[in-house]
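To start, the structure itself, in structure tokens.
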Amino acid sequence: MTSTVDKTRFGYRVKRDFRENWAIYLMLLPVIAWFFVFHYMPMGGVVMAFEKYKFSKGLLGSPWVGFQNFTDFFGSYYFWRLLRNTLLLSIEDLIFSFPASIIFALLLNEVRNRFFKKSVQTISYLPYFISMVVVCGLVKTFTEAGGAISLISEALGGPSELISNPSCFRPIVICSNIWQNLGYGSIIYISALSSIDQELYEAAKIDGAGRWKQTIHVTLPGIMSTIMIMLIMRMGQLMTVNYQKIILLYSPATYETADVISTFVYRKGLMENDYSYAAAVDLFNSVINTAILCTANWLSRKYAETSLF
Amino acid sequence: MLKRTTGEKVFAVFNIIILTAIGLACIIPIWHCICGSVSDPMTLSAHRGLVLWPLGSPTLDGYKQCFKNSSLLRGYLNTILYVITGTAFGVTLTVFAGYGLSKKLMWSKPIALYITFTMMFNGGIIPTYMVVRNLHMLNTRWAIVLPTAVSVFNIMITRTSFASIPEGMLEAARIDGAGQFRILWSVVLPVSKSIIAVITLFYAIQIWNSWFHTAIYVTNRELYPLQIILREIVLQNSSSGIDGGDPNEVNLLQVLIKYCVIMMSIIPMMVLYPFIQKYFVSGVMIGSIKG
């Protein structure tokens, strides 16, 4: 009885809402359609990971193979290498480039001369706007034989060509990530720093705290929630290494350390046309990503009382 | 003003040194390209290490070669075309979506979730490629512009900005009998110039710099944007960027041309930089309020 009343009321509300706001729904329609075509249709397309996809037969007509693509991948020679490279690159990047922006913001925060502070800040955003192709071109120029960084390495007794050396590949990628994102990544921390209540510093001074103690007891707690949010978001991309950069920089000589899951997907799927296998590998990657994101979010909500969702 | 201790003074000096070094590290690679692009080609190809001043007598020969090159010029024009159309399309959809989501309607929350969910999970490269292929967009200009036309982040900052417009302004227009399209056009947009500038820049820069989707979806050289031509010249050391001439001369010019092409890609950004960085910072700030 009550449910029929609710239904009519629900229907009535829908009708009234639509009659009043049809123009707004009309405005939202193109974006809804766009997300449907370029995001939700591909999500539906992941069923190809469980098929032996043939372009001529389409998504519905291709033969179903269940988890075979996945078991093939787990059993393959490449699986451990790809997993190791992906995780190592990603964790090393997290360890070095995540704190870099925070430290940069803290250092800037200590500068008293406003002109100097503003200039360094403005210059530090510059690399963020340079295209990936140009950045990789520069990286290659500096790290190939005779490049500026290779010359330094040679003078210190290291290898004379860094870019083709498997043991140098990850450091090169991480350093260039830091170069690109240091300034841009610090914007959010600088804004968080400026919103810390100045009275807290005054109180700390009265208690006899020097600059260092003020940083530990006032500044860091003040930006902790921003750090946590950024960390959770970063965790959610743990398996999404910057594959565009790797594709531009790696070569068969460095596959041993440079080849990650996403670049493998790119080669298998788009260059060797092994669609289903590549889609399965990619799906494995995004499922792990989403799982890590949810775990990080849950841990943060529990222990740091900050969460993304 | 409290007196600073010796330790704090020493720190202040070190701090200035470190920050100056960071600033230099950000700018030197670009300076290297600027100087490289006007150097004497002969000296430049033999040079090792950084180029901190133009080598030999400064020359614009490299740029002259670039402007004679048809595939490079076509790439440049293509990029401009993609930036204009892609930005117009992206900004239009984003403004509509941002305005729609700034209203409290019955379906606002499900629609917002529908959009933000795509940030957490996506189908991946291969299924997206299949969709583009099934839409018969491979090897068309559509494939370069459409699949990455809209960004969730831009929709969210536009929504946040529109939601902060006082309700009274909109209500007044409504009482005067204006419809939603009218209100958006003549009340909301005039007071939202800065957010429009922010998203326009975000889209324009993203399209100017993008290469990956083109590399996947397009093999027709006529449609290539600048970044793909750049990739051939800078990273794959192909001399297709240089028309004709005898091979030795082409080899000689290769390094010079590399720097000139890099500069051609960066110069528009450098010219607009003071404007760009101001709006970028405010965009990131709006994004961070939303969390």
Side-chain angles (χ1 to χ4, degrees), chain A residues 13-14 17 21 23-24 27-28 30-32 34-35 37-39 41-43 45-46 48 104 107-108 110-111 120 122-127 129-134 136-138 140 146 148 151 179 183 187-188 191 205 210-211 229 244 248 265-266 269-270 275 278-279 282-283 286 290 293, chain B residues 2 5 8 15-16 18-19 22-23 25-27 29-30 48-50 93 96-97 99-100 103 105-106 111 114-115 118 120-131 147 149-150 179-181 205 209 211-212 216 227 230-231 234-235 262 265-266 269 273 276-277 280-281 284-285 288 291:
Chain A
R13 269 168 50 221
V14 169
D17 177 62
N21 301 313
I24 293 175
M27 288 177 190
L28 285 166
V31 135
I32 292 173
W34 185 86
F35 275 97
V37 173
F38 293 106
H39 285 272
M41 272 164 59
M43 273 185 222
V46 297
M48 73 164 68
F104 180 60
L107 290 180
L108 273 177
E110 298 298 322
V111 174
V120 173
T122 307
I123 290 171
S124 71
Y125 305 149
L126 189 62
F129 300 105
I130 294 174
S131 76
M132 190 60 83
V133 175
V134 171
C136 292
L138 290 173
K140 195 167 167 243
L151 288 181
W179 185 73
I187 296 177
I188 193 160
S191 92
K205 271 182 209 160
R211 294 298 300 175
I229 294 277
Q244 293 198 12
L248 290 172
V265 169
Y266 169 77
L270 298 171
Y275 301 123
D282 210 5
L283 181 61
S286 28
T290 311
L293 175 69
Chain B
L2 277 159
T5 64
E8 282 168 12
N15 195 13
I16 299 279
I18 294 168
L19 290 174
I22 292 175
C26 290
I27 212 129
I30 298 158
R48 286 152 61 88
L50 281 177
L93 256 68
F96 279 145
Y99 184 67
K103 302 276 154 198
L105 313 181
M106 202 172 162
I111 295 172
Y114 168 86
I115 291 174
T118 60
M120 279 183 54
F121 189 82
N122 66 70
I125 310 176
I126 309 299
T128 311
Y129 174 84
M130 287 303 158
V131 168
V150 179
Q180 291 294 354
F181 283 92
I205 291 173
N209 286 340
W211 66 281
F212 187 67
I216 295 180
Q227 299 297 332
L230 249 172
R231 181 193 183 197
V234 176
L235 283 152
I262 288 178
S265 149
I266 304 181
M269 203 75 79
Y273 189 62
I276 291 174
Q277 68 95 9
F280 241 79
V281 171
V284 176
M285 300 289 199
S288 70

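Any value given below was found using the heavy atoms of this structure, including those in side chains, with hydrogens, waters and symmetry copies removed. No experiment lies behind these values; they were computed from the predicted model shown. Below, chains carry the letters A, B, ... as their sequence lines are ordered, and counting in each starts from 1.
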**Asked** Would you find a donor on one side and an acceptor on the other, under 3.5 Å apart, between the side chain of A/Trp34 and the backbone of A/His39?
**Response** no
**Asked** So which of B/Gly179, B/Gly100, B/Pro147, B/Ser265 has the biggest tally of heavy-atom pairs under 4.5 Å with chain A?
**Response** B/Pro147
**Message:** Is B/Ile205 in contact with chain A via its backbone, its side chain, both, or neither, using a 4.5 Å heavy-atom distance?
**Reply:** side chain
**Asked** Would you call the rings of B/Phe212 and A/Tyr266 parallel, tilted or perpendicular, where under 30° means parallel and over 60° means perpendicular?
**Response** tilted
**Fill in**
Most heavy-atom pairs under 4.5 Å with chain B, out of A/Val111, A/Leu126, A/Leu138, belong to A/Leu126
**Request:** Examine whether an atom of A/Met41 lies under 4.5 Å from a heavy atom of chain B, and if so say whether it belongs to the side chain, the backbone or both; otherwise answer neither.
**Result:** both
**Message:** Could you check whether any side-chain N or O of B/Tyr114 sits under 3.5 Å from a backbone N or O of A/Ile32, counting only pairs where one atom can act as donor and the other as acceptor?
**Reply:** yes
**Asked** Checking heavy atoms, do the side chain of A/Pro127, its backbone, both or neither come under 4.5 Å from chain B?
**Response** side chain
**Request:** For A/Asp282 and A/Val265, indicate whether the former's side chain and the latter's backbone hold a donor-acceptor pair under 3.5 Å.
**Result:** no
**Complete:** Heavy-atom nearest pair, A/Met27 first then B/Phe96, reads O-CB, 3.3 Å
**Request:** Among A/Leu108, A/Ile187, A/Val14, A/Leu107, single out the residue with the greatest number of heavy-atom pairs under 4.5 Å to chain B.
**Result:** A/Leu107
**Item:** Portion of B/Met106 that has a non-hydrogen atom of chain A nearer than 4.5 angstrom
**Value:** both
**Prompt:** So what's closer than 4.5 Å to chain A heavy atoms on B/Ile18: side chain, backbone, both or neither?
**Reply:** side chain
**Request:** List the steps, then state whether side-chain contact (heavy atoms from CB on, under 4.5 Å) holds for A/Ile130 with B/Met269.
**Result:** CA-CA 8 Å; A/Ile130 294 174; B/Met269 203 75 79; over 6 Å; no
**Message:** Please classify the contact between B/Ile216 and chain A as side chain, backbone, both or neither, with a heavy-atom cut-off of under 4.5 Å.
**Reply:** side chain
**Request:** Check whether A/Leu283 gets within reach of chain B through its side chain, its backbone, both or neither, counting any heavy atom under 4.5 Å.
**Result:** side chain
**Contacting region of A/Leu151 [heavy-atom separation from chain B under 4.5 Å]** = side chain
**Complete:** When the 4.5 angstrom heavy-atom criterion is applied to B/Val150 and chain A, the contacting part is both
**Asked** For B/Ile22, is it the side chain, the backbone, both, or neither that has a heavy atom closer than 4.5 Å to a heavy atom of chain A?
**Response** side chain
**Asked** Which one of B/Thr128, B/Asn122, B/Asn209 has the most heavy-atom pairs closer than 4.5 Å to chain A?
**Response** B/Asn209
**Request:** Apply the test side-chain contact (heavy atoms from CB on, under 4.5 Å) to residues B/Ile126 and A/Leu270: give CA-CA distance (whole Å), side-chain angles for both, the deciding distance (0.1 Å), then the verdict.
**Result:** CA-CA 8 Å; B/Ile126 309 299; A/Leu270 298 171; 4.1 Å; yes
**Prompt:** Does A/Asp17 reach the main-chain N or O of A/Arg13 with its side chain, forming a donor-acceptor pair under 3.5 Å?
**Reply:** no
**Prompt:** So what's closer than 4.5 Å to chain A heavy atoms on B/Leu93: side chain, backbone, both or neither?
**Reply:** both
**Message:** If I measure from the heavy atoms of chain A, does B/Leu19 come under 4.5 Å with its side chain, its backbone, both, or neither?
**Reply:** both
**Asked** For the rings on B/Tyr273 and A/Phe129, is their centre-to-centre separation under 6.0 Å?
**Response** yes
**Request:** Go through the atoms of A/Val120 and report whether side chain, backbone, both or neither lie under 4.5 Å from a heavy atom of chain B.
**Result:** side chain
